[in-house]
Amino acid sequence: MSLEKMLATYEFEQWLYLEAKLLDDIDFDGWFSMLHPDISYSMPVRVNKEGIERPDYSLDMFAFYDDIELLKIRVDRLKTDYAWAEIPPSRTRRSVNNVRLLEYTPNEKAVVNSYLTIYRSRSTDIHHDLISGERQDEFTFVDGEWKLSKRVFIVDQTTLNTRNLAIFV
Amino acid sequence: MSLEKMLATYEFEQWLYLEAKLLDDIDFDGWFSMLHPDISYSMPVRVNKEGIERPDYSLDMFAFYDDIELLKIRVDRLKTDYAWAEIPPSRTRRSVNNVRLLEYTPNEKAVVNSYLTIYRSRSTDIHHDLISGERQDEFTFVDGEWKLSKRVFIVDQTTLNTRNLAIFV
Amino acid sequence: MSLEKMLATYEFEQWLYLEAKLLDDIDFDGWFSMLHPDISYSMPVRVNKEGIERPDYSLDMFAFYDDIELLKIRVDRLKTDYAWAEIPPSRTRRSVNNVRLLEYTPNEKAVVNSYLTIYRSRSTDIHHDLISGERQDEFTFVDGEWKLSKRVFIVDQTTLNTRNLAIFV
Amino acid sequence: MMKTNINLEEMSQQDAIEYLKESVQPEMGAIPASLLGDPKIYDIEHKKVFLKTWLFIGHESEIPNKNDFITRDLAGYSVIISRGSDGEIRGLYNMCTHRGMKLCRADAGNKSSFTCPYHGFNFKNNGDCIGVPLQKDIYGGDFDKSGLGLHKIRIESYKGLLFGTWNDQAEPLEDFLGEFKWYLDILAGRAEMEVVGPPQRFVIHSNWKIGADNFVGDSYHTMVTHGSIVKLGMVPSATYSKKGYQIHTTNGHGLNLGTPNPDFAFPEELKEEYKSNLTDEQYDVLCNLKNMIGNIFPNLSFLISHTKVKGQLISNTSVRLWRPISVDKMEVITWLLVEKNASSDWKRRSRESFILTFSPSGIFEQDDTEVFTDITAAASGTMPLVKQLTFNYTMGLHRKPVEDFIGPGVVYDDKFTEANQRNFYRYWLDLMTS
Amino acid sequence: MMKTNINLEEMSQQDAIEYLKESVQPEMGAIPASLLGDPKIYDIEHKKVFLKTWLFIGHESEIPNKNDFITRDLAGYSVIISRGSDGEIRGLYNMCTHRGMKLCRADAGNKSSFTCPYHGFNFKNNGDCIGVPLQKDIYGGDFDKSGLGLHKIRIESYKGLLFGTWNDQAEPLEDFLGEFKWYLDILAGRAEMEVVGPPQRFVIHSNWKIGADNFVGDSYHTMVTHGSIVKLGMVPSATYSKKGYQIHTTNGHGLNLGTPNPDFAFPEELKEEYKSNLTDEQYDVLCNLKNMIGNIFPNLSFLISHTKVKGQLISNTSVRLWRPISVDKMEVITWLLVEKNASSDWKRRSRESFILTFSPSGIFEQDDTEVFTDITAAASGTMPLVKQLTFNYTMGLHRKPVEDFIGPGVVYDDKFTEANQRNFYRYWLDLMTS
Amino acid sequence: MMKTNINLEEMSQQDAIEYLKESVQPEMGAIPASLLGDPKIYDIEHKKVFLKTWLFIGHESEIPNKNDFITRDLAGYSVIISRGSDGEIRGLYNMCTHRGMKLCRADAGNKSSFTCPYHGFNFKNNGDCIGVPLQKDIYGGDFDKSGLGLHKIRIESYKGLLFGTWNDQAEPLEDFLGEFKWYLDILAGRAEMEVVGPPQRFVIHSNWKIGADNFVGDSYHTMVTHGSIVKLGMVPSATYSKKGYQIHTTNGHGLNLGTPNPDFAFPEELKEEYKSNLTDEQYDVLCNLKNMIGNIFPNLSFLISHTKVKGQLISNTSVRLWRPISVDKMEVITWLLVEKNASSDWKRRSRESFILTFSPSGIFEQDDTEVFTDITAAASGTMPLVKQLTFNYTMGLHRKPVEDFIGPGVVYDDKFTEANQRNFYRYWLDLMTS
Ligand code: FES
Ligand code: FES
Ligand code: FES
Ligand SMILES: [Fe+3]
Ligand SMILES: [Fe+3]
Ligand SMILES: [Fe+3]
């Protein structure tokens, strides 16, 4: 197993951990600064097929289908005093798992696959929500930093069991 | 901390992540090809003891107690059109955690301990199952590849809170 | 990304995995031996704020606020035959995630941030508890070993949805 | 004053209905909080409303071809909506008539028949039982398969909108919709419309009526609940949502017409198609349409929204079902509708604006869900009954309807009124007490 | 036709029972779907069936030695099954009689007495209260410990199978089993049997009766539900499961006897032991036994299965409890039984085949669980009542029992009939309406 | 003997109350297990007890400044406890009177008014409705805001302890506390007390009464349940908890006074403050106080505990609410109280000992939670009713109260008696049957 590949994997693991920390700490600007201006950020609708035919998600409908402009709108909105959905913010915990480096060109491009479990606790509710899924990410290297240039989040439910997606995946 | 040990740990982390991905993607043949022909694959029944005496699982009864032949039967079955339990397949997510390399002889043998959480969402049910436990794995090196030669899965429940084990652990 | 930093991160990941295993295996002495005599071990009460002002936990009230002496009392107690809360012990699984090395002075001091999810199954109850939160840890190097000298556990609930904290976080 | 004697759980269904007659006073603008939180009322509602009225189950464009099918929920039960080999659309209870197994577990597909996983009985997609393994031998000679056809569900459609009902005596769909059809033409019949992708689904811990109530008449909340959107400049002003008409018809249906609109909210190139599908009056409304928000009783809300995204105006048309799961829980299911003949770019932008504003991640949607959840919690349990907590629906009670509007129904020339909610609860009460 | 007047929740228990008398018609093969989904029926069932009849709680071999004990669930309550120092087996409610604390929290162990964690009252494993800390001082002189003995549960056993009941008036176990004992001898009394390890436990969102119904008489589903096994060649043919006899006796018990079998399904070397434990007729049945699937009313199903694993024939004998948790949820608890005197290799292979086929991971088991879950969902709620959905249990109604079978009970010479289910629901109805 | 006729679910509320009158016999020391497990009793309890009596909601020191507020639960509903700009403390139902939205979602803060997130109605922290967007226009001229004030909750306080009630007819708090005030003075009035930080909250699957019962009179369990603490030498001996007095007054209140104490359990330097706040008799009790454990009916337990931590004696004073969530679930909410004028070191050590012993991680607390959970499970469902399971509360029935104690109430000179529980259940029964 190549040391270089391990180093690279480690780097993206840390990137994803930092991203999770910023989002869990409600540091939306910090998170936004990790995104590539050409980012494509999407979350397709998951469906029940007849059998094992794949993919079992939609290519036409999405819970997120954003570019950098739309993400900016979401971030700006969350910073107003009227974004009731997250006032006060949910207590979220984004556990990143099973990080796999699929493609890697040093200082240029990387394709990373990982699992995500979001624990969400809100207000005085004693119950929590769990959002589970897979991230198919692409990173582009810009001025010495890796930026997220593509994310597809495959959620593991056909009906989302959380009140909204006022949080990022 | 030795670099070699880290590299080896990383290698088995990646092995387990790939295994998880193949199972979550319903690629049973891909998964089967990662198994050693002499594999012992078991899941003992967990019990409540009087106090802290260990082990708190049975040495006589198991939810899985398979060798390669029996695993082949399960895989073949899942590929028929009559394996109703998984038609359509559950949406599973196998998060692998706390990977520890306990023994390691390069290009020969390795003993690996890890934690597993399986998130399972089925059909239109808005609720999910969680299966939590520990894997005690052994790997054998064959023709340049590590194959799983032993797995004991210690589940964290005395009563399994999922409808069946039509999925692998 | 520096190899040295990766090695160090790996080392603390393994430290936390070992700690989890000892606690999940009810090896309290083994766990206690990983603690620094000057340890500060605390878990503040989480609260709902008006908006996004942080921190959203108390600086005055805690579910744990222990030093080595108090932790010793807890460990000794759990070893008596009267610690009913954990007779028989809960089946716990401490999944450690998102380990980030924030500060590091070789053979001296380290600051580590990580996520923790505790799965807890008890007696014949078919339901499980999940305890989610963040660990802010500090380690001190003593006679060739890293000892935990500080832990702050930020739990992700304002009302703990588990019957007690007879388990360590 | 405490009235501890009130306790719906204690009451018989008839007593509870009597209580509703006394306490629910739509025309006075007085609606008891317990309507949103009491389990007994929810149970009666299930029988008197959801097993009796027409309920939305999908759009014809979701099953365009012969033998296409979708499985959908009808009042808590899975039904197969199938287009037969004869092109006809039918509804079948998705349960094998032999011993109750679920026949089909896919959300959608194409099949001319369904085989049961339990004993292999086979059913044509018109419901006929066409195969019973070893029938002669095990059921004997005079066994009659035809008695084992799948339970049929009445399905009727209007302008592509498919509705089903468990009630064999239900009035025809068009009668149920009545004058409201005039507005549904604009929503769903203005052009050939098609659904984009599968519906989105998510769960809110809310009573279903809060959603219907919000869409049927609550333009007023936009200023505050959606204040963040105003801040972002996506809608001109806080009172933007005030201008227009609030309209309701019989059977609890109602909508809010945002108008005028300096811009044409729809694809220019389709104007001819619109004209061919609408009357001059309807087309006139369409041309001035800024937005249209309403609810078809009981729980199908709809929305035409016209917003500026990335500096460009774009509209999106959607319908959403507030599907009750329990007294304090619902599944929200949303469909995006687009003009089939619109440009792919326009469709893409319409979807983009829909996802941004009214999908589960929608920046309008998400603040509403928070409100729905908190209201439900506040209305739950015994105290609201004991203390007789009552909500205030008197907004606009002093207003008179206008006579000169070109469309049917009772019309107010200002959207800030709760006349539509009063109309919604009036019909709800009529059904509950019928 | 809609009968919205039907609403069990509204009914008194007596009304509900009247409704059952009318609607449940086992002899006509008509069973309302609501029997599997209605909470009210479930509540009555708990009282009229589960608090009244004998229920399986384990096997004598699980507590072979003096002072051995196991804790088991009896109708939703933890009981201690203990073998006293006198060797006698007793059942005790696992609740301290002082103030209700649970006495013992281990699944199994060896103890002659139990001390309560709350105030330290001590109880002998025969239930006697033998210690009260500071008794004289705090309870005064004339306090009588003997009144504080643990609540005793009636326990009786047949061929090692232990049953308990909350009903002090229940008829003796052997009377309750009646003629069915003849077959239980073959199942559990053919040799000295022992349980292998602890039972396996898992949860299915299913009404318990679907499991009992499936095992008591449903050989028919094997062809389809378990079609995958046929594909794998583990059973000869799809109609393999048809050959044999379906048998039932009084009190709802029933089984299906797969026969003939060219091979002897059990350890050859134990033939003498079998002979010594069985009558010639029973031994004859054993020799031709291919499989045996049945149910002891209400919820103990059993199974002798003979399959080819790794090219070698092997049989396994198991019992399984469908323990109700709620109307739509049950815990399945399975025990593997083996001949104590069989070779360790035979035991190993028998366990292997059991785990492969009928454990939670069992390739038969898993497809059944899917069916059980879906049927339960389809039968839930009010609609099945309102629409009077009825399942069809007419299979084999045209058949006549055979007279010449060597065993007792009503016997059909073909397993593809629902006579056993009709018999099961008839006794269930008798209890419910008693 | 089985009495299957008993079935509270079947009974009307009135029948159930009759059943309680017969079966609950506090003076005989007989309490049916079903009191802790029956849902029907829980529902009645909610109305007859929790919507009627005074309930603890916090401490004045939590809102020291003008416009400070906290949100707290009162019988299942969120209320705002606010200190007005006039310094007065008020309770307001945290629900907008317009259409039911929750007004405030922070646990605590400082605000003079609250704006609703739904339509923007604005309310002063005295409850007055002071703003309605566009009021004149949309509600017309003669609309009267004053009718829309927030629902007021009666709030009264004693020695800093704040209580609220939904019952407008409830007797004044001081009358309700009656003679028990004498002891509350020692608990909460001995000096200026303040709450440390926010309360701690956790959930136990237990009926709330088990907690109240345990604190009101169960010193006896300490020997066993908390045997581990004895082992650790944190308390002198197993019977340590026996010495002292058990005292109860009217309305179900009761406490246990551990005494004598060779050491002074409180900060020496505050003796003057204590003297100035207490009568000589009360001060005398304080000086000899070893511990004090009790319960203010229904569900506020309190505790003064004096233990040795790290070789140093230290006391901590806390109150805990057993907040019912359902028949078998409660939220435990605990507050630590310290003398405001104590040294910061003493406060730190008092908090340390509180966290170690009675926080969610407390080494006393955790063993209790296990007991509470198991008792609740054993008392649940129908069987305890059918079998008439009854708990034994006869401890100390043979004892006579002492006459010479300096404090009020019925006093026993030994803590090992269940007189207080009998008194607790007597008042509970009076409320339930009133
Ligand atoms: S249940 Fe469908 S074939 Fe029997
Ligand atoms: S409850 Fe068992 S000793 Fe008191
Ligand atoms: S609900 Fe509060 S302003 Fe309307
Ligand atoms: Fe809105
Ligand atoms: Fe089967
Ligand atoms: Fe205690």
Side-chain angles (χ1 to χ4, degrees), chain A residues 1-13 16 44-57 93-102 104 111-119 127-136 153-163 169, chain B residues 3-29 78-84 86-99 106-107 114-130 144-146:
Chain A
M1 185 60 59
S2 103
L3 179 57
E4 162 197 40
K5 178 141 191 236
M6 175 172 60
L7 259 166
T9 307
Y10 170 76
E11 180 165 13
F12 288 103
E13 277 179 351
L16 292 166
V45 171
R46 198 91 183 254
V47 297
N48 290 295
K49 295 278 190 181
E50 276 279 325
I52 65 170
E53 61 271 28
R54 312 277 94 171
D56 60 347
Y57 53 82
R93 195 62 56 194
R94 288 168 176 79
S95 293
V96 176
N97 272 288
N98 298 33
V99 177
R100 291 163 56 246
L101 182 62
L102 304 183
Y104 180 57
V111 178
V112 177
N113 182 281
S114 64
Y115 288 0
L116 178 71
T117 307
I118 305 179
Y119 174 102
H127 301 293
H128 66 270
D129 299 339
L130 275 192
I131 303 167
S132 171
E134 170 186 350
R135 282 171 169 174
Q136 299 165 352
F153 181 67
I154 309 298
V155 69
D156 297 328
Q157 290 178 309
T158 51
T159 297
L160 304 176
N161 198 5
T162 193
R163 64 176 70 177
V169 295
Chain B
L3 178 57
E4 162 196 39
K5 177 143 191 234
M6 175 171 61
L7 259 165
T9 308
Y10 170 76
E11 179 166 13
F12 289 103
E13 278 179 350
Q14 291 297 315
W15 193 102
L16 292 166
Y17 296 165
L18 175 61
E19 178 198 24
K21 187 73 167 79
L22 292 171
L23 286 173
D24 294 339
D25 286 353
I26 321 296
D27 179 352
F28 297 116
D29 293 334
L78 286 164
K79 294 190 292 178
T80 67
D81 294 344
Y82 298 85
W84 306 108
E86 282 291 304
I87 296 180
S90 301
R91 288 168 291 276
T92 59
R93 195 62 57 193
R94 289 168 175 78
S95 293
V96 176
N97 273 287
N98 298 32
V99 177
N107 302 334
S114 64
Y115 287 1
L116 178 72
T117 307
I118 305 179
Y119 174 102
R120 183 186 197 182
S121 164
R122 192 141 178 66
S123 185
T124 55
D125 189 350
I126 62 174
H127 301 292
H128 65 269
D129 299 338
L130 275 192
E145 285 184 323
W146 288 105

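Every chain is numbered from 1, with letters handed out A, B, ... down the list of sequences. Values below: every heavy atom of this structure, side chains too, minus hydrogens, waters and symmetry copies.
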| Checking side chain to side chain contact (heavy atoms under 4.5 Å, CB included) for the pair B/K21/A/N98: CA distance, chi angles, key distance, verdict? | CA-CA 9 Å; B/K21 187 73 167 79; A/N98 298 33; over 6 Å; no

| field | Part of A/E53 lying under 4.5 Å from any heavy atom of chain B | value | neither

| query | Any donor-acceptor pair under 3.5 Å linking the side chain of B/E86 with the backbone of A/G51? | reply | no

| Are B/I126 and A/L160 side-chain neighbours, meaning at least one heavy-atom pair lies under 4.5 Å? | no

| Stepwise side chain to side chain donor-acceptor pair (under 3.5 Å) check, B/R91 with A/N48 | CA-CA 9 Å; B/R91 288 168 291 276; A/N48 290 295; 2.9 Å; yes

| Distance from B/D125 atom CG to A/N161 atom CG, nearest 0.5 Å? | 9.0 Å

| Atom CD in B/E13, atom CZ in A/R100: separation rounded to 0.5 Å? | 13.0 Å

| task | Could you please spell out the steps behind the side chain to side chain contact (heavy atoms under 4.5 Å, CB included) verdict for B/H128 and A/L130? | result | CA-CA 9 Å; B/H128 65 269; A/L130 275 192; 3.7 Å; yes

| said: On a heavy-atom basis, which atom in A/K49 and which in B/P88 lie closest, and how many Å separate them? | reply: O-CB, 3.1 Å

| message | How long is the straight-line distance from CD of A/E50 back to CD1 of B/I87, given to the nearest 0.5 Å? | response | 9.5 Å

| message | Please classify the contact between A/S95 and chain B as side chain, backbone, both or neither, with a heavy-atom cut-off of under 4.5 Å. | response | neither

| query | Has B/F28 got more than 12 heavy atoms of other residues, nucleotides or ligands less than 6.0 Å from its CZ? | reply | yes

| message | Between A/Y10 and B/M6, is there a side-chain heavy-atom distance shorter than 4.5 Å? | response | no

| Can you check side chain to side chain contact (heavy atoms under 4.5 Å, CB included) on B/I26 and A/R54, steps first, answer last? | CA-CA 9 Å; B/I26 321 296; A/R54 312 277 94 171; 3.8 Å; yes

| query | Just how far is it from atom CD of B/E11 to atom OG of A/S2, taken to the nearest 0.5 Å? | reply | 10.5 Å

| request: Would you check if the side chain of B/S121 reaches a backbone N or O of A/D156 as a donor-acceptor pair within less than 3.5 Å? | output: yes

| query | Do B/Y17 and A/N97 meet the criterion of a side-chain donor-acceptor pair at a distance under 3.5 Å? | reply | no

| said: Any non-hydrogen side-chain atom of B/K79 less than 4.5 Å from a side-chain atom of A/I52? | reply: no

